[in-house]
**Q** 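Can you read through this structure? Questions will come right after.
Lettering follows sequence order; numbering is per chain, from 1.
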Number of protein chains: 2
Amino acid sequence: MSTKPRYEQIADHLRTEIEKGEFLPGDKLPSEKRLCDYFDVSRITIRQALKSLETEDLIFKKQGLGAFVREEPAKQNLVQLTDFSEDMRRAGHRSSSKLIRFKKVEADTEINTTLEVPPSSPLIRVDRVRIADDIPVAFDVTWLPASYGHLLLDEDLNNRTIYEILEGTYSIPISAGRYKITAAAADEYVAKHLGVEVGSPVLEIDRCSRTTAGKKVYFQKRYNNPKYISYDIELFRNDNVEGSSKDGLPLKEFTPRFYF
Amino acid sequence: MSTKPRYEQIADHLRTEIEKGEFLPGDKLPSEKRLCDYFDVSRITIRQALKSLETEDLIFKKQGLGAFVREEPAKQNLVQLTDFSEDMRRAGHRSSSKLIRFKKVEADTEINTTLEVPPSSPLIRVDRVRIADDIPVAFDVTWLPASYGHLLLDEDLNNRTIYEILEGTYSIPISAGRYKITAAAADEYVAKHLGVEVGSPVLEIDRCSRTTAGKKVYFQKRYNNPKYISYDIELFRNDNVEGSSKDGLPLKEFTPRFYF
DNA sequence: TGTTACAACATGTCATAACAAGTATCTTAT
DNA sequence: ATAAGATACTTGTTATGACATGTTGTAACA
């Protein structure tokens with residue numbers, strides 16, 4: 001299709017106007033009739049555009065009154081388990097990573113099983129310490145099947161994420177994976193690099209990422225120093241929601257929190 | 001309004017048919033033309049009904065092909081940070097709680113600030129150990145302003161949740177609050193009740209709940225033994241989604257995991 | 001000054017109609 | 001028998017139109 005449908009173009013236009021601040025939160029949009037005249041289209045076309053924006057929760061409509069920009073077109077329902085460097089940049093901290101170890105290691109039952117490679121296949125292991133404002137705040141250990149791990153061989157792992165290299169440079173389409181949140185005691189190796197006592201509690205987040213076809217690409221354990229990093233969650237409770245909250249509640253916000 | 005719009009009635013009817021199993025996941029719904037004939041309404045009315053079901057993610061539509069029932073109208077985007085006893089029941093484990101401590105305690109700067117009560121106001125503190133399959137798996141410490149805490153005085157805290165008492169018995173409308181996930185070392189008191197070594201890592205989840213009007217009702221720290229409890233997260237990655245995932249990804253699943 | 005009725009304006013529902021674009025099936029040509 | 005083209009079916013986009021329902025402002029009346 002060479003051109004977008006009109007209602008989409010109009011929705012795009014209105015969305016841009018809102019994002020530019022031409023219409024502020026709480027402002028009323030022009031009436032349907034005025035928009036019809038302005039864009040020289042029929043009312044159904046305007047209504048589809050407005051419906052689309054309403055579905056995005058960017059506006060709300062009220063019969064007899066009009067359409068209004070919502071107060072908080074907030075990013076909701078997103079889980080910020082993103083790049084370390086991205087998290088830091090967003091929070092206004094300088095970050096860096098230091099490669100501690102890159103080597104081929106022997107098979108490990110748990111890891112090989114998790115990565116779904118043969119039980120005796122060797123793995124590539126990548127260890128890095130994550131530094132923010134010159135403080136070591138997290139340490140991660142990543143295991144990849146050898147086939148993927150070799151792709152990282154000559155890459156700058158101090159400045160690039162594994163995800164970025166595999167997907168960006170090698171076009172390996174990585175889909176989001178599963179995470180596990182738990183707590184662990186820092187062993188001697190981790191404690192050394194985090195600058196904490198052996199046995200100190202760390203907030204451990206394990207991650208296994210796969211290709212969009214389902215093939216496991218890497219398995220990573222990240223050990224966050226809880227003195228510097230925790231996670232905040234906020235949930236909705238809508239009185240509209242019928243029945244009890246026994247199934248759980250919708251997510252409003254999942255963000256990392258830093259204490260530097 | 002005495003009767004529903006027709007498109008809503010039709011959507012309701014189709015939704016019921018799907019829920020009853022008249023149309024199974026993957027099944028194609030009748031064409032728009034056939035639905036127009038069947039319900040004796042115009043096409044726009046049918047299209048609005050179908051659009052509504054599509055917005056609910058109950059069906060998907062494909063141009064030239066038709067509308068189909070989705071494979072998984074799964075419960076998604078829900079965060080299962082629910083009752084301890086509910087989590088256990090759902091996972092098929094016997095659970096119980098044991099009240100360890102219920103007393104009025106002196107003001108604490110951090111807690112009083114969090115609960116937004118005057119800095120010198122005393123608090124009610126409720127400590128309980130959470131037991132699953134006869135194993136102590138978590139320990140929680142709850143602080144309430146005295147006004148709310150006194151309501152718990154004669155309640156059976158071994159078998160009822162604080163939430164349940166305040167909302168169920170006293171009709172205090174509690175909205176979901178904020179949570180913080182971190183890791184901590186079990187002090188002597190917690191270690192004793194969890195049956196672990198002093199200093200052992202625990203997965204700490206702090207929670208502050210408020211009324212729907214925004215008044216803080218209780219603040220709770222829960223210490224989960226990571227040997228028995230962790231949390232799994234799965235995220236979506238849609239190829240439809242444009243731009244990078246720098247803002248985070250949508251939540252698919254957030255569930256506790258038990259190792260008993 | 002306060003209340004009520006009415007008109008103007010605005011969105012919601014529904015109908016009829018036509019053309020565009022996508023998919024599957026049938027027919028014709030090689 | 002297979003491939004290409006035509007046709008039938010299906011959903012997507014857009015226009016015109018009418019009536020229902022909700023909101024606000026103004027004028028008239030008590």
**Q** If you look at every strand shown and take non-hydrogen atoms under 4.0 Å, does B:Arg6 touch a base, only sugar-phosphate, or nothing?
**A**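 Sugar-phosphate, no base atom in range.
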
**Q** Between A:Lys62 and C:dA10, is there a side-chain N or O to OP1/OP2 distance below 4.0 Å?
**A**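 No, A:Lys62 has no side-chain N/O under 4.0 Å of OP1/OP2 on C:dA10.
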
**Q** Whole-Å distance between D:dT11 P and B:Leu35 CG?
**A**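 It is 8 Å, rounded to the nearest whole Å.
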
**Q** Distance-only, no hydrogens or angles: does the A:Tyr170 side chain make a donor-acceptor pair with backbone N or O of A:Leu151 under 3.5 Å?
**A** yes

**Q** Is there a donor N/O on one and an acceptor N/O on the other, under 3.5 Å, for the side chain of A:Gln63 and the base of C:dA10?
**A** no

**Q** Take atom NZ of B:Lys51 and atom P of C:dC14, then tell me their distance rounded to the nearest Å.
**A**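 My rounded result for the distance is 17 Å.
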
**Q** Closest nucleotide of DNA chain D for B:Ser31 versus for A:Thr45: which of these residues is on the 5' side?
**A**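 Taking each residue's closest nucleotide, the earlier one in sequence belongs to B:Ser31.
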
**Q** Identify whether any heavy atom of B:Arg47 sits under 4.0 Å from a base atom; if not, whether one sits that close to sugar-phosphate; answer base, sugar-phosphate or nothing.
**A** base

**Q** Rounded to whole Å, how long is the line connecting atom CG of A:Leu53 with atom P of C:dT11?
**A** 14 Å

**Q** Ignoring hydrogens and geometry beyond distance, is the side chain of B:Arg43 in donor-acceptor contact with the base of D:dG12 at under 3.5 Å?
**A** yes

**Q** For a quick test of reading the model: is some side-chain N or O of A:Lys33 closer than 4.0 Å to OP1 or OP2 of C:dC9?
**A** no

**Q** In this structure, how many angstroms lie between the P atom of C:dT13 and the CD atom of A:Gln48, rounded?
**A** 14 Å

**Q** Taking A:Asp206 for the side chain and A:Ile181 for the main chain, is one N or O donor matched with an acceptor at less than 3.5 Å?
**A**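 Answer holds: no.
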
**Q** Is the distance between the ring centroids of A:Tyr148 and A:Tyr218 under 6.0 Å?
**A** no

**Q** Measure from the side chain of A:Val41, starting at C-beta and using heavy atoms only, and say which of D:dT13, C:dG12, D:dA15 lies closest.
**A** D:dA15

**Q** From the list D:dA15, C:dT11, C:dA24, which nucleotide is the closest neighbour of the side chain of B:Leu65?
**A** C:dA24

**Q** To the nearest angstrom, how far is B:Phe68 atom CZ from D:dT11 atom C1'?
**A**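 Nearest whole value for this atom pair: 11 Å.
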
**Q** Run the salt-bridge test on B:Asp12 and B:Arg15 with the 4.0 Å N-O cut-off and return the result as yes or no.
**A**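 Yes, this pair counts.
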
**Q** Tell me the interatomic distance from B:Tyr7, atom OH, to D:dT21, atom C1', rounded to whole angstroms.
**A**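 Rounded to whole Å, this separation is 13 Å.
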
**Q** Would you kindly give the NZ-to-C1' distance between B:Lys61 and D:dT13, to the nearest whole Å?
**A**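 Spelled out: NZ on B:Lys61 to C1' on D:dT13 is 12 Å.
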
**Q** Nearest-Å distance, CD1 (A:Ile44) to P (D:dA18)?
**A** 17 Å

**Q** Classify the side-chain pair B:Arg43/B:Thr45 by whether it contains a donor and acceptor separated by less than 3.5 Å.
**A** no

